[in-house]
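Start at 1 and go down the list; that is how both ligands and their atoms are numbered. Atoms considered below: every heavy atom in the structure, side chains included; atoms not considered: hydrogens, waters and symmetry mates.
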Amino acid sequence: MADLLLALDVKGKAEAVRVATACTGELDAIKIGYPLVLSTGLEIVKDLAKSEIPIIADFKVADIPNTNSLICEEVFGAGCAGIITHAFCGSDSLAACVDASHDHGGVCFVVCEMSHPGALDFLSGENAERMARMAKAAGADGIIAPATRPERTATLRTIIGSSMKIYSPGVGAQGAQPEDVKKYVDGIIVGRAIYEAADPKAAAHEFRVRAR
Ligand code: O7M
């Protein structure tokens, strides 16, 4: 049984609020990232807070420890409940993000293996497994692993164990189905298949039911 996270990669406040409002009651969290925040500013977090579900900032943080901490301050200061970081900058950068998240009462998720074909160049295989071990050692709350490669997500689950969560993108527009990964993960991340749907609420409802 997996939660449903909406990847709200739309542009502008009006469209973001339209989709979020339409999906009221069908989502467990909303993931925002560069497409939306660069078009609206972080004030969008307050606008989306009316949906009363956690807002997770997918900034795929990847910098030196001090800069990572400063990014976390802004994200949690704006009202986000969680942040998503990369791990490839190393254990000190990752620790800064995890620790700053926890200092602000938030959660930190770590990208380990990505869902797109190009992930096979770097963000997969042994590299992903090393990053999963690093995420666990850092005390992260969870990892990101691909619905498009469920067998890899299953492998990463064996590395992190059951005390950490896995959120999994790739369902819908990238071709994966909720049934492919729901037994390995705590949440599926769905973007275009919901926010581009003629009826986003109905689409969200169907994904939520199929993820259960
Ligand atoms: O369902 P989509 O394909 O329209 O959107 C998927 C969302 O998940 C989109 O916000 C991507 O940036 C994100 N994502 C991936 O698609 N693949 C990954 O490997 C990782 C992410 C992600 O959310 O990383 C935190």
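Each of the atoms 15 (C), 16 (O), 17 (N), 18 (C), 19 (O) of ligand 1 lies under 4.0 Å from some heavy atom of S115. For ligand 1 and I189, the ligand atoms under 4.0 Å from any heavy atom of the residue are 8 (O), 23 (O). Listed by atom number, the atoms of ligand 1 under 4.0 Å from M114 heavy atoms are 18 (C), 19 (O), 20 (C). Counting the atoms of ligand 1 from 1 in the order shown, those under 4.0 Å from a heavy atom of I84 are 25 (C). Residue D58 approaches ligand 1 through these ligand atoms, each under 4.0 Å from one of its heavy atoms: 22 (C), 23 (O), 24 (O), 25 (C).
In this structure, the protein non-hydrogen atom closest to atom 7 (C) of ligand 1 is A7 CB, 3.7 Å. Of the protein's non-hydrogen atoms, K60 NZ, 3.6 Å is the one closest to atom 12 (O) of ligand 1. The nearest heavy-atom contact from the protein to atom 14 (N) of ligand 1 is P169 CB, 3.6 Å. From the protein, the heavy atom lying nearest to atom 11 (C) of ligand 1 is K31 NZ, 4.1 Å. The protein atom (non-hydrogen) at minimum distance from atom 6 (C) of ligand 1 is Q174 NE2, 3.6 Å.
Side-chain contact annotation: Q174 with T148, donor-acceptor N/O pair under 3.5 Å absent.
A salt bridge links E15 with R18: the distance from a Lys NZ or Arg NE/NH1/NH2 to an Asp or Glu carboxylate oxygen falls below 4.0 Å. Ion pairing of D186 with R157 is present here, as a side-chain N (NZ or NE/NH1/NH2) and a carboxylate O approach within less than 4.0 Å. With respect to R208 and D28, a salt bridge is recorded, a charged nitrogen being found less than 4.0 Å from a carboxylate O.
Inclusion of G191 in the set of residues having an N or O under 3.5 Å from an N or O of ligand 1 is warranted. Checked by distance only, ligand 1 and R192 come closer than 3.5 Å through their nitrogen or oxygen atoms.
A 4.5 Å side-chain heavy-atom check between L5 and Y167 finds at least one atom pair inside the cut-off. A 4.5 Å side-chain heavy-atom check between K60 and T85 finds every atom pair outside the cut-off. With contacts defined as side-chain heavy-atom distances shorter than 4.5 Å, the pair I30/I56 does not qualify. In this structure, H102 and D141 have side chains that are in contact, with non-hydrogen atoms separated by less than 4.5 Å.
Comparing D9, V171, I143 against atom 9 (C) of ligand 1, the shortest heavy-atom distance belongs to D9.
When hydrophobic clusters are built by joining Ile, Leu, Val, Met, Phe, Trp and Tyr residues whose side-chain heavy atoms come closer than 4.5 Å, directly or via intermediates, I84 is not grouped with V185.
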